[in-house]
Structures are given as C-alpha cells and as structure tokens.
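Reading through the structure tokens given below for one structure.
Throughout, a chain's letter reflects where its sequence line sits, starting with A, and its residues are numbered from 1. The basis for the numbers below is simple: all heavy atoms, side chains too, and nothing from hydrogens, waters or symmetry mates.
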2 protein chains.
Amino acid sequence: MDAFSAAAEPNRRRILQLLASQPKTVTEIASAFPVTRSAISQHLLLLAEAGLVAAEKVGRQRIYRVVPEGLRALQAEIDRFWTDELDRLVVDADTLRSNR
Amino acid sequence: MDAFSAAAEPNRRRILQLLASQPKTVTEIASAFPVTRSAISQHLLLLAEAGLVAAEKVGRQRIYRVVPEGLRALQAEIDRFWTDELDRLVVDADTLRSNR
DNA sequence: CCAATGCGTTAGTGATGACTAACGTATTCG
DNA sequence: CGAATACGTTAGTCATCACTAACGCATTGG
C-alpha cells in the first residue's frame, strides 16, 4: 500500500498526528482510540511498512515515532497528486467566492 | 467515505487529475485505464458522492468535471491532517539533508 | 522467581472495495 | 423505425480491511 492510501484511513491519520507531537508507546496511542490495542498495533505495523513510522524497543515498551523521510515521501505523493491544474481550479473558486 | 479516502485510491487519483485538465466523457476517461468502463463508472459515482466530481448530461454522453468546491473541501481535509507539527518534522529532515 | 505489564501475533468475522460480465435504458444516426 | 452508441445498473466474485478475542513472548517489579 502506498503512503497516500496508508495515511488516508481516519484512525491512521489521527495516529500520525498524535505521533507528530511526540513519540509514544502503543498503549499511550491506543488509549486515545475507542478500538482495541490490537487494532492499533496492526495500524502501526501497516504505517511502519509504509515507512511512515518506526518503533524503538525500550525495555518492554515500543516507542513509536514518525519517520521524517517517510513523511517527505508522503508529501511528495500528495504534491504529485495535487497538480497545478487542480490547484488552479481551487484558486479560481476562491476568487469567485471573494468576488460575491 | 470522506474526500480524503475517496481521493486516495490510485485510479481515482488519476481520474481527478485527468478531469482537472478538462472535462471528459466516461468513455474518454475509461480509455486511459486498463479496467472496464463499468469500473470507471463506479469510481466516478463514488467521486460524485464525495462531491469531488459532477456529471452534466449532454445528449447520450455524460461530461464529468471536477467540482472546485469539493476540491476545496479535500484540500481543507488534507491541510487539517498535515498539521504544523508534521510539517516541521519534514522541514527539519530537509535541513539535515542539506547540511550533509 | 512469579505475577504483572507491554506488545506482537494469530484466527476468525463482517464489511467493504475493486472488478468483470451481462443487461437495461436513453439517445442519436442512417 | 432499427442499429449503434454512451452510460448506469446489477449481480456475483475475490481480495482486502478493520476489528475483536485469545494467546504467546519478552521484560520488569515485588
């Protein structure tokens, strides 16, 4: 799965945002969600496969953190999608709105 | 399905880009993909439900075009995801790279 | 040591996604 | 009018996803 699709799932989006502020353990992350720790663990593994997060083993905990290089790749994917043409359409719409 | 997830699917990403350059009929779009017209039609309906595209009936054709307002919503969703913190991590990574 | 803690793993389930093939419907062209 | 065209629609398949429950393994604290 590419980074774009991996990041699109709502729970995974929130996980990335949580980890952006600072690294966290699996339990910490899971406590912010209504689903089980197992589900979160699986999301984390998927994000890790996509190169967006990485785990560091510390004692019996695993500290997950965001991988800047992976984020860069994601941003590049988004940018590649968000072409100038798409952007122009949005900007034009904005202009029309502000002229009303 | 929210706009972010709708736009994440690779084929739909390409459809949006195609339509960004100019409106097209279903057959025109489908000719750019290896899958059947039916599959494309279904992707288009899903994109329409997400408010990202709209169809105008012209004779026996349907001209699909991108909906600027929907794109704006998508961009807003992406921006809400791409927080300052995520951005800072990427920028820092860039700085490190250029210092090597 | 032994119980508790932190996680990954596995198996199973229900839902959904992406797709094809076949069909139905409206529209146009000769 | 009748064939061809442009689409949507439907049904069915196969794969994948998101999730839970249960278990297993390492690590640590009393």
Side-chain angles (χ1 to χ4, degrees), chain A residues 1-19 21-67 70 74 77 81, chain B residues 1-19 21-67 70 74 77 81:
Chain A
M1 190 184 291
D2 62 15
F4 201 142
S5 303
E9 202 275 332
N11 283 334
R12 287 197 288 269
R13 252 183 275 175
R14 277 211 60 208
I15 291 177
L16 288 174
Q17 291 181 322
L18 278 181
L19 293 183
S21 62
Q22 63 171 354
K24 293 193 194 313
T25 67
V26 178
T27 304
E28 280 173 346
I29 302 168
S31 69
F33 293 85
V35 301
T36 62
R37 183 187 51 76
S38 176
I40 298 301
S41 182
Q42 291 173 46
H43 280 309
L44 286 168
L45 294 178
L46 194 154
L47 287 172
E49 272 187 29
L52 292 171
V53 305
E56 171 200 3
K57 193 176 176 183
V58 175
R60 57 185 162 186
Q61 326 203 80
R62 285 186 173 249
I63 315 292
Y64 272 92
R65 67 187 72 241
V66 143
V67 175
L74 171 58
E77 256 184 49
F81 161 68
Chain B
M1 189 184 290
D2 62 14
F4 202 142
S5 304
E9 202 276 332
N11 282 335
R12 288 198 287 269
R13 251 183 275 172
R14 277 210 60 206
I15 290 177
L16 288 174
Q17 291 181 322
L18 278 181
L19 293 183
S21 64
Q22 65 171 350
K24 292 194 193 314
T25 67
V26 178
T27 304
E28 280 173 346
I29 302 168
S31 69
F33 293 85
V35 301
T36 62
R37 183 186 52 76
S38 176
I40 297 302
S41 182
Q42 292 173 45
H43 279 310
L44 285 169
L45 294 178
L46 195 155
L47 287 172
E49 272 187 29
L52 293 171
V53 305
E56 172 200 2
K57 192 177 175 183
V58 175
R60 59 186 161 185
Q61 326 204 78
R62 286 187 172 249
I63 314 294
Y64 272 92
R65 68 187 71 240
V66 143
V67 175
L74 171 58
E77 257 184 49
F81 162 68

- When the distance from CZ of A:R60 to C1' of D:dG29 is rounded to whole Å, what number comes out? 7 Å
- Message: In this structure, how many angstroms lie between the P atom of D:dC7 and the NE2 atom of B:H43, rounded?
- Response: 17 Å
Where the side chain of [X] is defined as all heavy atoms beyond and including C-beta, which of [options] is the nearest nucleotide?
{"X": "A:S38", "options": "D:dT9, D:dA22, C:dC7", "answer": "D:dA22"}
{"X": "B:R37", "options": "D:dT9, D:dC7, C:dT20", "answer": "D:dC7"}
{"X": "B:R62", "options": "D:dC19, D:dG8, C:dT20", "answer": "D:dG8"}
{"X": "B:Q61", "options": "C:dC7, D:dC7, D:dT20", "answer": "D:dC7"}
{"X": "B:T36", "options": "D:dC7, C:dA21, C:dA26", "answer": "C:dA21"}

- Query: Would you say the side chain of A:Q42 and the base of D:dT20 hold a donor-acceptor pair, judged only by whether the two atoms sit under 3.5 Å apart?
  - Reply: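 Answer is yes: a donor-acceptor pair is held.
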- Closest contact, heavy atoms only, A:I63 versus A:P23: CG2-CB, 3.6 Å
- Got a sec? Which of residues 1-14 of chain B come in under 4.0 Å of DNA chain C, heavy atoms?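 By residue number: B:M1, B:E9, B:N11, B:R12.
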Below 4.0 angstrom from OP1 or OP2 of [N], is there any side-chain N or O of [X]?
{"X": "B:Y64", "N": "D:dG8", "answer": "yes"}
{"X": "B:K57", "N": "C:dT27", "answer": "yes"}
{"X": "B:T27", "N": "D:dT5", "answer": "no"}

